[in-house]
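Written below as structure tokens is the structure these notes are about.
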Amino acid sequence: MKTRNRKSPEARIQTPKTKPFKEIVRISASRRAVLQGGLASAAVAFFGIRNQVQGQENVILPLRPGLTDFTALPRDSATGPWPTISEDYEFSILLPWGDPLEPEGPAFAHPPTGADQELQIGIGHDGLWFFPDPDFPEKESSYGLLVINHEFGSNSVVLGKSDPESLDDVRVSQHAHGVSIVGIEKVDGVWTTYATPNARRIHANTPVSFSGPAASHADLQTDNGNTALGTINNCGCGHTPWGTYLTCEENFNLYFGATNETTTWEASESQQRYGFSTNGAGYGWHDYDKRFDLSDSDYENEENRFGWVVEIDPFDPNHVPVKRTALGRLKHESVAVTVGDRRRVVCYMGDDQGDEYLYKFVSADDHVGLVHAGISPFDFGTLYVARFDADNTGRWMELSLLHSQLALRFATMGDLLINTRSAADVVGATEMDRPEWITVAEDDWVYVALTNNSGRDIANAANPQAPNPDGHIIRLRDDHAHTGIEFEWEIFQLASSTHGTEESYGSPDSIWVDPDGRLFIATDGSQEGSMNNQLLVADTVTKDVKRLFAGVTGCEVTGITTTPDRRTMFVNIQHPGNGDIEATDFPRIGDSPVPRDATISIRRKNGGIVGS
Ligand code: FEO
Ligand code: CA
Ligand code: CA
């Protein structure tokens with residue numbers, strides 16, 4: 001085992017890179033020009049491309065040589081029990097559920113024991129991010145830590161039975177959730193794990209702490225004074241300029257239930273707003289672990305400890321994960337972090353449920369100065385929720401006690417933040433079609449995947465289909481380098497507009513835009529025909545879409561990250577076959593009665609940038 005000097009987050013802090021692209025765009029395309037141009041984007045202006053202008057016949061198509069030259073995977077090939085990929089690419093399977101975190105750790109066995117699962121990769125692979133080891137800059141694209149979220153795993157897959165029968169069974173399930181931090185390196189072209197003190201699991205029973213305005217609120221304390229533990233339903237992710245990882249707690253309500261053993265439980269107004277019920281999703285944790293029993297008065301308020309963005313320092317194995325309350329309590333899908341005006345840090349966040357909202361947090365001050373002073377930029381700032389207007393403008397509405405109606409309803413910011421959804425209801429935010437991942441492009445457009453909303457019965461400008469079974473992607477741009485309160489927006493693409501074509505896709509979920517303007521789109525939902533969920537690449541200027549990869553029967557494709565040279569991409573295959581080995585035996589590693597979620601790596605055969 002190598003030992004190495006760990007750099008503190010402060011030492012690893014990076015100032016924003018010079019972005020000539022962005023600066024030129026700002027000069028060449030004023031906000032007014034962009035708005036008048038309708039769909040013509042500032043990026044188009046930068047490339048000197050005349051896009052469609054009203055009444056003008058001759059449209060010069062943008063030329064972006066090398067941007068997406070690969071041969072698309074045909075839609076007819078995007079089916080079946082094994083992944084398929086463009087003929088110009090290849091993939092390898094890495095890090096299936098149950099494999100040891102480190103080479104000498106406990107091998108996969110089904111079902112795992114709770115003790116083994118704590119030392120193995122979790123299940124329900126979702127968001128992930130690659131962190132190069134800062135001590136080895138020469139190996140930045142071949143040696144580092146991969147941090148992986150583990151969103152969910154049904155009992156039938158994890159335990160091999162539909163209900164837990166003991167606290168030990170519950171512990172297995174709890175340890176399969178959370179986050180894995182694992183050392184990976186590329187040796188002779190093959191990615192493999194290495195032993196490192198940084199490798200660890202964070203799961204439903206790992207001690208956590210709280211920071212920000214709600215941290216010491218009474219509604220985050222339980223009657224028995226138990227320590228705050230755990231993170232669950234870790235969906236999408238984010239990462240910070242100071243080198244930390246952010247994991248997002250999404251459907252946390254589904255792990256709680258009520259036995260009514262000590263008191264009769266009825267959902268409070270706050271619990272109703274987050275969807276708590278007597279049986280959750282049927283995990284049965286509450287039957288053996290009273291912490292998840294909503295009717296156990298000793299653990300009153302335990303449920304308020306979930307629904308947060310959680311910050312983790314991957315290079316400090318002793319770091320206690322911190323729940324950042326200033327970022328609000330939602331069913332957090334993902335968090336896109338960028339640096340705005342005066343180096344304030346900005347987080348774009350979605351609440352993934354039908355008719356929920358889009359949020360933004362702006363730090364109070366220059367994040368570099370705050371981090372150097374040992375202060376989290378996430379602890380002091382302003383939370384906003386978005387209103388989309390029909391004229392393609394929008395407004396970020398502040399969620400604070402400065403708003404008279406919010407001041408009437410909430411006594412403190414802590415009250416407000418624990419009940420963020422109810423606060424957003426008051427200020428008239430726009431109900432969206434399930435905001436999933438968000439990504440910020442070099443030209444400051446912010447892309448938001450709205451996966452679908454079959455329950456929508458009234459359309460609005462930003463969510464124009466009612467119902468919306470296939471989803472869409474919108475993009476918005478703030479009027480003041482991410483820190484202003486007004487923005488412009490447009491529909492980037494309705495997924496249904498691709499239907500009937502070779503590039504057909506539906507239910508966009510994970511998205512990531514690379515520095516060249518390739519928008520990677522991973523899907524989670526029904527696809528036309530018998531296509532599996534897939535990974536596509538869109539050109540953000542032409543909006544052309546190409547299929548790069550398709551997963552297996554019953555899976556979703558999720559989580560997108562690359563090495564710094566962008567020659568390796570890592571993505572996740574979640575719930576292959578929905579747990580049915582007859583549907584797929586993915587990933588064909590060892591004996592298993594169930595398919596296993598796994599991270600895969602993707603490379604272009606000619607060694608080029610992934611997506612090119
Ligand atoms: Fe965890 Fe909304 O996907
Ligand atoms: Ca998702
Ligand atoms: Ca989804």
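Note that the structure is a prediction, hence the values are computed from the model and not measured. Atoms within each ligand, like the ligands themselves, are counted from 1 in listed order. Along the sequence shown, residues carry numbers from 1.
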Ring centroid separation Phe492 to Tyr447 under 6.0 Å: yes
For Phe570, run the ring-ring contact (aromatic ring centres under 6.0 Å, His included) check against Trp512, Phe549, Trp129, Trp191 and tell me which one passes. Trp191
Taking the six-membered ring for Trp and the single ring otherwise, decide whether the centroids of Phe256 and Phe292 are under 6.0 Å apart. yes
If I consider every N, O or S atom in Asp352, which one ends up closest to atom 2 (Fe) of ligand 1? I only need its name. OD2
Are Lys323 and Phe306 in a cation-pi contact, defined as NZ or CZ under 6.0 Å from the six-membered ring centre and within 45° of the axis? yes
Do any of the N, O or S atoms of Asp524 sit under 2.8 Å from atom 2 (Fe) of ligand 1? no
Of the backbone and side-chain N, O or S atoms of Glu436, does one lie nearer to atom 2 (Fe) of ligand 1 than 2.8 Å? yes
Please verify the inter-ring angle class for His575 with Phe152; under 30° counts as parallel, over 60° as perpendicular, anything in between as tilted. tilted
About how large, to 10 degrees, is the angle OE2 of Glu250, then atom 2 (Fe) of ligand 1, then OE1 of Glu333? 90°
Is the ring pair Tyr348/Trp396 parallel, tilted or perpendicular, if the boundaries are 30 and 60 degrees? tilted
Mind checking whether Trp285 and Tyr255 have parallel, tilted or perpendicular rings, split at 30° and 60°? tilted
How many protein N, O or S atoms sit closer than 3.0 Å to the Ca ion (ligand 2)? 4
Quickly, which of Thr420, Asp425, Thr430 forms a side-chain hydrogen bond (donor to acceptor under 3.5 Å, both in side chains) with Tyr357? Name it, please. Asp425
